[in-house]
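Just so it is clear, the structure is predicted and the values come from calculations on it, not from any experiment.
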Amino acid sequence: MENSEKTEVVLLACGSFNPITNMHLRLFELAKDYMNETGKYRVIKGIISPVGDAYKKKGLISAHHRVIMAELATKNSEWVEVDTWESLQKEWVETAKVLRHHQEKLEAGSCDHQQDSPMPGKPGQKRKWVEQRQDFSQKKLLEPKPKDVPKVKLLCGADLLESFAVPNLWKSEDITQIVEDYGLICITRAGNDAQKFIYESDALWKHRNNIHLVNEWITNDISSTKIRRALRRGQSIRYLVPDLVQEYIEKHDLYSCESEEKNVGVILAPLQRMYKSLNL
(Lines give C-alpha, C1' and ligand atoms only; values in the text may rest on other atoms or scores of the structure.)
Protein backbone atom coordinates (compact mmCIF):
# COMPACT_ATOMS: atom_id res chain seq x y z
CA MET A 1 0.00 0.00 0.00
CA GLU A 2 1.36 3.40 -0.98
CA ASN A 3 1.94 6.03 1.72
CA SER A 4 -0.77 8.19 0.14
CA GLU A 5 -3.32 5.47 0.86
CA LYS A 6 -2.33 5.06 4.50
CA THR A 7 -3.92 6.99 7.33
CA GLU A 8 -1.39 9.31 8.93
CA VAL A 9 -1.37 9.06 12.71
CA VAL A 10 -0.13 11.30 15.51
CA LEU A 11 0.48 9.51 18.80
CA LEU A 12 -0.48 11.53 21.87
CA ALA A 13 0.62 10.47 25.34
CA CYS A 14 -0.93 12.29 28.30
CA GLY A 15 0.27 11.77 31.83
CA SER A 16 2.27 13.03 34.78
CA PHE A 17 5.75 12.12 33.46
CA ASN A 18 6.93 12.51 37.04
CA PRO A 19 9.65 11.95 35.92
CA ILE A 20 9.75 10.80 32.31
CA THR A 21 11.50 7.41 31.97
CA ASN A 22 12.99 5.27 29.25
CA MET A 23 9.78 3.23 29.34
CA HIS A 24 7.73 6.26 28.34
CA LEU A 25 9.94 6.68 25.31
CA ARG A 26 9.73 2.98 24.48
CA LEU A 27 5.92 3.21 24.34
CA PHE A 28 6.24 5.49 21.34
CA GLU A 29 8.63 3.18 19.52
CA LEU A 30 6.49 0.11 20.20
CA ALA A 31 3.34 1.85 19.03
CA LYS A 32 4.99 3.26 15.92
CA ASP A 33 6.32 -0.16 14.87
CA TYR A 34 2.94 -1.79 15.43
CA MET A 35 0.90 0.82 13.58
CA ASN A 36 3.28 1.01 10.63
CA GLU A 37 3.39 -2.78 10.32
CA THR A 38 -0.38 -2.99 9.92
CA GLY A 39 0.05 -1.48 6.47
CA LYS A 40 -2.94 0.77 7.11
CA TYR A 41 -1.27 3.54 9.07
CA ARG A 42 1.81 5.72 8.98
CA VAL A 43 2.91 7.34 12.22
CA ILE A 44 4.23 10.82 11.48
CA LYS A 45 4.67 12.31 14.95
CA GLY A 46 4.56 11.61 18.66
CA ILE A 47 3.49 14.15 21.26
CA ILE A 48 4.20 14.09 24.99
CA SER A 49 1.70 16.22 26.92
CA PRO A 50 2.52 16.51 30.65
CA VAL A 51 -0.47 17.17 32.90
CA GLY A 52 -0.77 20.52 34.63
CA ASP A 53 -0.18 21.15 38.32
CA ALA A 54 -3.93 21.47 38.91
CA TYR A 55 -4.28 17.70 38.60
CA LYS A 56 -3.19 17.57 42.26
CA LYS A 57 -1.75 14.08 42.18
CA LYS A 58 0.25 13.02 45.21
CA GLY A 59 3.96 13.66 44.73
CA LEU A 60 3.42 15.65 41.52
CA ILE A 61 6.24 18.17 41.20
CA SER A 62 5.99 21.41 39.22
CA ALA A 63 4.99 21.11 35.56
CA HIS A 64 7.88 23.45 34.78
CA HIS A 65 10.38 20.77 35.79
CA ARG A 66 8.42 17.90 34.24
CA VAL A 67 8.22 19.67 30.88
CA ILE A 68 11.94 20.44 30.86
CA MET A 69 12.78 16.82 31.66
CA ALA A 70 10.52 15.62 28.84
CA GLU A 71 12.19 18.05 26.45
CA LEU A 72 15.62 16.82 27.51
CA ALA A 73 14.49 13.20 27.03
CA THR A 74 13.28 13.85 23.48
CA LYS A 75 16.14 16.16 22.50
CA ASN A 76 17.60 13.64 20.06
CA SER A 77 14.30 12.24 18.77
CA GLU A 78 13.43 12.95 15.16
CA TRP A 79 9.70 12.45 15.63
CA VAL A 80 8.67 12.70 19.30
CA GLU A 81 8.17 16.17 20.74
CA VAL A 82 6.80 17.83 23.88
CA ASP A 83 3.72 20.03 23.86
CA THR A 84 3.20 22.46 26.74
CA TRP A 85 -0.44 23.46 26.13
CA GLU A 86 -1.96 21.11 28.70
CA SER A 87 0.68 21.83 31.32
CA LEU A 88 0.11 25.60 31.07
CA GLN A 89 -3.63 25.47 31.75
CA LYS A 90 -4.65 26.92 35.11
CA GLU A 91 -7.27 24.23 35.60
CA TRP A 92 -6.98 20.50 34.96
CA VAL A 93 -8.00 19.54 31.43
CA GLU A 94 -9.72 16.24 30.65
CA THR A 95 -7.86 13.94 28.26
CA ALA A 96 -10.73 14.07 25.77
CA LYS A 97 -10.30 17.85 25.54
CA VAL A 98 -6.54 17.50 25.05
CA LEU A 99 -7.15 15.09 22.17
CA ARG A 100 -9.65 17.49 20.64
CA HIS A 101 -7.20 20.39 20.97
CA HIS A 102 -4.51 18.55 19.03
CA GLN A 103 -6.91 17.23 16.39
CA GLU A 104 -8.28 20.72 15.75
CA LYS A 105 -4.73 22.06 15.59
CA LEU A 106 -3.89 19.51 12.88
CA GLU A 107 -7.05 20.34 10.96
CA ALA A 108 -6.30 24.06 11.06
CA GLY A 109 -2.73 23.45 9.91
CA SER A 110 -3.89 21.22 7.06
CA CYS A 111 -6.32 23.86 5.79
CA ASP A 112 -3.62 26.54 5.93
CA HIS A 113 -1.18 24.28 4.10
CA GLN A 114 -3.62 23.45 1.31
CA GLN A 115 -4.55 27.11 0.81
CA ASP A 116 -0.86 28.02 0.54
CA SER A 117 -0.01 25.18 -1.88
CA PRO A 118 1.00 26.35 -5.38
CA MET A 119 -1.17 25.45 -8.35
CA PRO A 120 0.54 23.57 -11.15
CA GLY A 121 1.25 25.68 -14.24
CA LYS A 122 3.54 26.20 -17.18
CA PRO A 123 6.34 28.78 -17.42
CA GLY A 124 5.16 32.18 -18.61
CA GLN A 125 1.71 31.83 -17.05
CA LYS A 126 2.37 33.64 -13.75
CA ARG A 127 -0.66 35.97 -13.95
CA LYS A 128 -2.98 33.10 -14.80
CA TRP A 129 -1.47 31.04 -11.99
CA VAL A 130 -2.20 33.81 -9.47
CA GLU A 131 -5.81 34.04 -10.65
CA GLN A 132 -6.20 30.27 -10.46
CA ARG A 133 -4.69 30.22 -6.98
CA GLN A 134 -7.04 32.92 -5.69
CA ASP A 135 -10.03 31.10 -7.17
CA PHE A 136 -8.76 27.84 -5.71
CA SER A 137 -8.39 29.38 -2.23
CA GLN A 138 -11.93 30.79 -2.32
CA LYS A 139 -13.34 27.41 -3.28
CA LYS A 140 -11.39 25.62 -0.55
CA LEU A 141 -12.95 27.86 2.10
CA LEU A 142 -16.37 26.56 1.09
CA GLU A 143 -15.36 22.91 1.09
CA PRO A 144 -15.60 20.59 4.12
CA LYS A 145 -12.52 19.65 6.10
CA PRO A 146 -10.02 17.61 4.09
CA LYS A 147 -10.12 13.86 4.60
CA ASP A 148 -6.34 13.47 4.68
CA VAL A 149 -5.82 15.27 7.99
CA PRO A 150 -3.68 13.10 10.32
CA LYS A 151 -5.61 11.31 13.06
CA VAL A 152 -4.69 11.81 16.71
CA LYS A 153 -4.74 8.63 18.77
CA LEU A 154 -4.18 8.27 22.50
CA LEU A 155 -1.09 6.25 23.39
CA CYS A 156 -1.22 4.63 26.80
CA GLY A 157 -0.26 1.71 28.96
CA ALA A 158 -2.64 -0.96 30.23
CA ASP A 159 -2.86 0.86 33.58
CA LEU A 160 -4.59 3.83 31.94
CA LEU A 161 -6.99 1.52 30.13
CA GLU A 162 -7.89 -0.18 33.40
CA SER A 163 -8.31 3.19 35.14
CA PHE A 164 -11.50 3.60 33.09
CA ALA A 165 -13.08 1.29 35.64
CA VAL A 166 -12.15 3.46 38.65
CA PRO A 167 -15.39 5.02 39.93
CA ASN A 168 -15.78 8.74 39.09
CA LEU A 169 -12.24 9.07 37.70
CA TRP A 170 -13.47 9.32 34.11
CA LYS A 171 -16.72 10.65 32.70
CA SER A 172 -18.48 7.90 30.76
CA GLU A 173 -19.04 10.28 27.85
CA ASP A 174 -15.30 11.07 27.77
CA ILE A 175 -14.41 7.38 27.57
CA THR A 176 -16.85 6.93 24.69
CA GLN A 177 -15.51 9.98 22.89
CA ILE A 178 -11.90 8.87 23.27
CA VAL A 179 -12.43 5.38 21.86
CA GLU A 180 -15.02 6.38 19.25
CA ASP A 181 -13.64 9.63 17.85
CA TYR A 182 -9.92 9.12 18.32
CA GLY A 183 -8.89 5.61 19.31
CA LEU A 184 -6.46 3.98 21.69
CA ILE A 185 -3.09 2.38 21.21
CA CYS A 186 -2.47 0.45 24.40
CA ILE A 187 0.87 -1.15 25.28
CA THR A 188 0.18 -4.21 27.41
CA ARG A 189 2.43 -5.57 30.12
CA ALA A 190 2.74 -9.05 31.59
CA GLY A 191 -0.07 -9.62 34.06
CA ASN A 192 -2.48 -7.24 32.33
CA ASP A 193 -5.42 -8.88 30.62
CA ALA A 194 -6.44 -5.93 28.46
CA GLN A 195 -8.59 -8.03 26.16
CA LYS A 196 -10.67 -9.29 29.06
CA PHE A 197 -11.02 -5.75 30.38
CA ILE A 198 -12.32 -4.58 26.99
CA TYR A 199 -14.72 -7.52 26.87
CA GLU A 200 -16.16 -6.62 30.29
CA SER A 201 -16.79 -2.98 29.29
CA ASP A 202 -19.74 -2.30 26.99
CA ALA A 203 -18.34 1.06 25.87
CA LEU A 204 -14.91 -0.37 25.03
CA TRP A 205 -16.34 -3.49 23.42
CA LYS A 206 -18.55 -1.44 21.11
CA HIS A 207 -15.49 0.39 19.75
CA ARG A 208 -12.99 -2.43 20.12
CA ASN A 209 -11.91 -2.08 16.48
CA ASN A 210 -10.56 1.35 17.36
CA ILE A 211 -8.49 -0.01 20.25
CA HIS A 212 -5.08 -1.38 19.27
CA LEU A 213 -3.42 -3.68 21.80
CA VAL A 214 0.35 -3.89 21.41
CA ASN A 215 2.23 -6.68 23.14
CA GLU A 216 5.44 -5.64 24.85
CA TRP A 217 7.54 -8.73 24.17
CA ILE A 218 10.74 -7.22 25.56
CA THR A 219 9.37 -6.52 29.01
CA ASN A 220 10.27 -3.32 30.80
CA ASP A 221 8.94 -2.67 34.29
CA ILE A 222 10.33 0.84 34.75
CA SER A 223 7.84 3.27 36.27
CA SER A 224 7.98 6.83 37.56
CA THR A 225 6.85 5.60 40.97
CA LYS A 226 9.82 3.24 41.22
CA ILE A 227 12.18 5.96 40.01
CA ARG A 228 11.00 8.32 42.75
CA ARG A 229 11.31 5.57 45.35
CA ALA A 230 14.91 4.88 44.33
CA LEU A 231 15.75 8.57 44.49
CA ARG A 232 14.24 8.91 47.97
CA ARG A 233 16.47 6.06 49.08
CA GLY A 234 19.60 7.48 47.49
CA GLN A 235 19.82 4.70 44.91
CA SER A 236 21.05 5.02 41.34
CA ILE A 237 18.57 5.56 38.50
CA ARG A 238 21.16 5.46 35.75
CA TYR A 239 19.97 3.63 32.59
CA LEU A 240 16.37 3.91 33.83
CA VAL A 241 15.95 7.49 32.62
CA PRO A 242 17.83 9.37 29.88
CA ASP A 243 21.20 10.71 31.09
CA LEU A 244 20.15 14.33 30.64
CA VAL A 245 17.07 13.72 32.78
CA GLN A 246 19.16 12.13 35.53
CA GLU A 247 21.53 15.10 35.48
CA TYR A 248 18.62 17.54 35.70
CA ILE A 249 17.05 15.69 38.62
CA GLU A 250 20.34 15.65 40.53
CA LYS A 251 21.11 19.30 39.75
CA HIS A 252 17.75 20.50 41.09
CA ASP A 253 17.33 17.82 43.78
CA LEU A 254 13.78 17.23 42.54
CA TYR A 255 12.61 14.12 44.35
CA SER A 256 12.70 13.58 48.08
CA CYS A 257 10.52 12.47 50.98
CA GLU A 258 9.21 16.04 51.14
CA SER A 259 8.27 16.21 47.44
CA GLU A 260 6.46 12.87 47.69
CA GLU A 261 4.18 14.39 50.34
CA LYS A 262 3.04 17.16 48.00
CA ASN A 263 -0.75 17.18 47.54
CA VAL A 264 -1.22 14.64 50.33
CA GLY A 265 -4.81 14.91 51.50
CA VAL A 266 -5.80 16.90 48.41
CA ILE A 267 -8.60 15.43 46.33
CA LEU A 268 -7.59 14.55 42.77
CA ALA A 269 -8.93 17.05 40.22
CA PRO A 270 -11.35 14.63 38.46
CA LEU A 271 -12.89 13.69 41.81
CA GLN A 272 -13.11 17.35 42.86
CA ARG A 273 -15.26 18.06 39.82
CA MET A 274 -17.46 15.08 40.58
CA TYR A 275 -18.05 16.26 44.15
CA LYS A 276 -18.83 19.80 42.97
CA SER A 277 -21.39 18.50 40.48
CA LEU A 278 -23.11 16.52 43.23
CA ASN A 279 -23.37 19.60 45.42
CA LEU A 280 -25.07 21.63 42.69
Side-chain angles (χ1 to χ4, degrees), residues 1 3 6-51 66 69-83 86 95 98-99 102-103 106 150-164 175 178-179 182-199 201 204 207-227 237-246:
M1 185 181 292
N3 283 339
K6 296 178 181 178
T7 300
E8 292 187 337
V9 170
V10 173
L11 305 175
L12 173 66
C14 299
S16 300
F17 302 101
N18 187 39
I20 192 168
T21 72
N22 287 339
M23 184 58 211
H24 289 129
L25 302 176
R26 280 294 297 160
L27 293 181
F28 281 94
E29 297 295 329
L30 291 165
K32 182 181 181 182
D33 283 347
Y34 173 88
M35 295 300 283
N36 287 348
E37 288 171 2
T38 64
K40 300 177 181 178
Y41 304 97
R42 183 168 70 92
V43 175
I44 61 170
K45 184 165 67 173
I47 300 174
I48 292 174
S49 180
V51 74
R66 291 182 287 110
M69 287 188 287
E71 290 174 339
L72 290 171
T74 56
K75 185 176 181 180
N76 296 323
S77 177
E78 296 179 351
W79 68 284
V80 180
E81 62 186 42
V82 181
D83 187 272
E86 181 183 0
T95 300
V98 181
L99 283 161
H102 287 285
Q103 188 63 61
L106 287 169
K151 304 297 183 183
V152 176
K153 291 186 179 295
L154 183 63
L155 172 61
C156 67
D159 53 344
L160 186 143
L161 183 70
E162 294 177 357
S163 75
F164 287 165
I175 295 174
I178 289 170
V179 293
Y182 304 100
L184 282 174
I185 303 173
C186 178
I187 312 298
T188 63
R189 290 183 175 184
N192 294 120
D193 195 345
Q195 288 183 328
K196 181 181 178 182
F197 185 79
I198 292 171
Y199 171 76
S201 165
L204 298 182
H207 303 288
R208 61 190 181 281
N209 292 332
N210 209 20
I211 302 175
H212 303 271
L213 299 180
V214 183
N215 289 319
E216 181 193 354
W217 296 113
I218 304 176
T219 56
N220 186 336
D221 200 29
I222 301 172
S223 71
S224 297
T225 301
K226 293 178 180 179
I227 296 295
I237 60 169
R238 194 173 186 187
Y239 308 122
L240 300 177
V241 301
D243 290 343
L244 291 176
V245 173
Q246 179 190 359

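- Rounding to the nearest 0.5 angstrom, the gap separating the CE atom in M69 from the CD atom in Q246 is 12.5 Å.
- By the 4.5 Å heavy-atom criterion applied to side chains, T21 and S223 are not counted as neighbours.
- Taken from OG in S77 to CZ in F28, the straight-line distance is 8.5 Å, to the nearest 0.5 Å.
- Atom OG in S49 sits 10.0 Å away from atom CG in L154 (nearest 0.5 Å).
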### Query
Run the side chain to side chain contact (heavy atoms under 4.5 Å, CB included) check on Y34 and L213 step by step: do they pass?
CA-CA 9 Å; Y34 173 88; L213 299 180; over 6 Å; no
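- Across every non-hydrogen atom of N36 and R42, the tightest pair is OD1-CA, 3.4 Å.
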### Query
Going through the distances and angles, do D243 and V245 end up as a side chain to side chain contact (heavy atoms under 4.5 Å, CB included)?
CA-CA 5 Å; D243 290 343; V245 173; over 6 Å; no
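- Across all non-hydrogen atoms, the minimal contact from L12 to V98 is CD2-CG1, 4.0 Å.
- Under the 4.5 Å side-chain criterion, counting only non-hydrogen atoms from C-beta, E216 is in contact with L30.
- A donor-acceptor pair under 3.5 Å is formed between the side chain of N210 and the backbone N or O of V179.
- The backbone N or O of L160 sits less than 3.5 Å from a side-chain atom of S163, completing a donor-acceptor pair.
- Across every non-hydrogen atom of I20 and H24, the tightest pair is CA-ND1, 3.4 Å.
- Between the side chains of T188 and N215, at least one donor N or O lies within less than 3.5 Å of an accepting N or O.
- Taking both residues in full, the closest heavy atoms of R66 and S16 are given as NH1-O, 2.9 Å, listed atom of the first, atom of the second, then distance.
- Annotation for Y41 and K6: closest pair O-CD, 3.9 Å, computed over non-hydrogen atoms.
- Counting only heavy atoms from C-beta outward, the side chains of V51 and N18 never approach each other to under 4.5 Å.
- Of the inter-residue distances, the one linking R26 atom CZ with I187 atom CD1 reads 9.5 Å to the nearest 0.5 angstrom.
- Between S224 and P19 the shortest heavy-atom distance is OG-O, 2.7 Å.
- Within the model, atoms SG of C186 and CG of L27 stand 9.5 Å from one another, a figure rounded to the nearest 0.5 Å.
- By the 4.5 Å heavy-atom criterion applied to side chains, V43 and E8 are not counted as neighbours.
- If you take CG on L161 and CG on L204, they are separated by 6.0 Å, rounding to the nearest 0.5 Å.
- Panel note: side chain T38, backbone M35; a donor-acceptor pair is recorded below 3.5 Å.
- In this structure the side chain of E81 never reaches within 4.5 angstrom of the side chain of I48, judged on heavy atoms.
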### Task
Could you go through the ring-ring contact (aromatic ring centres under 6.0 Å, His included) check for Y182 and H207 one step at a time?
CA-CA 10 Å; Y182 304 100; H207 303 288; over 10 Å; no
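- For the pair L244/K75, a side-chain contact is recorded, criterion being any heavy-atom separation below 4.5 Å from C-beta on.
- Inter-residue side-chain proximity for P242 and L25 is flagged as met; some heavy-atom pair is nearer than 4.5 Å.
- Side-chain contact between W79 and I44 is absent, with no heavy-atom pair separated by less than 4.5 Å.
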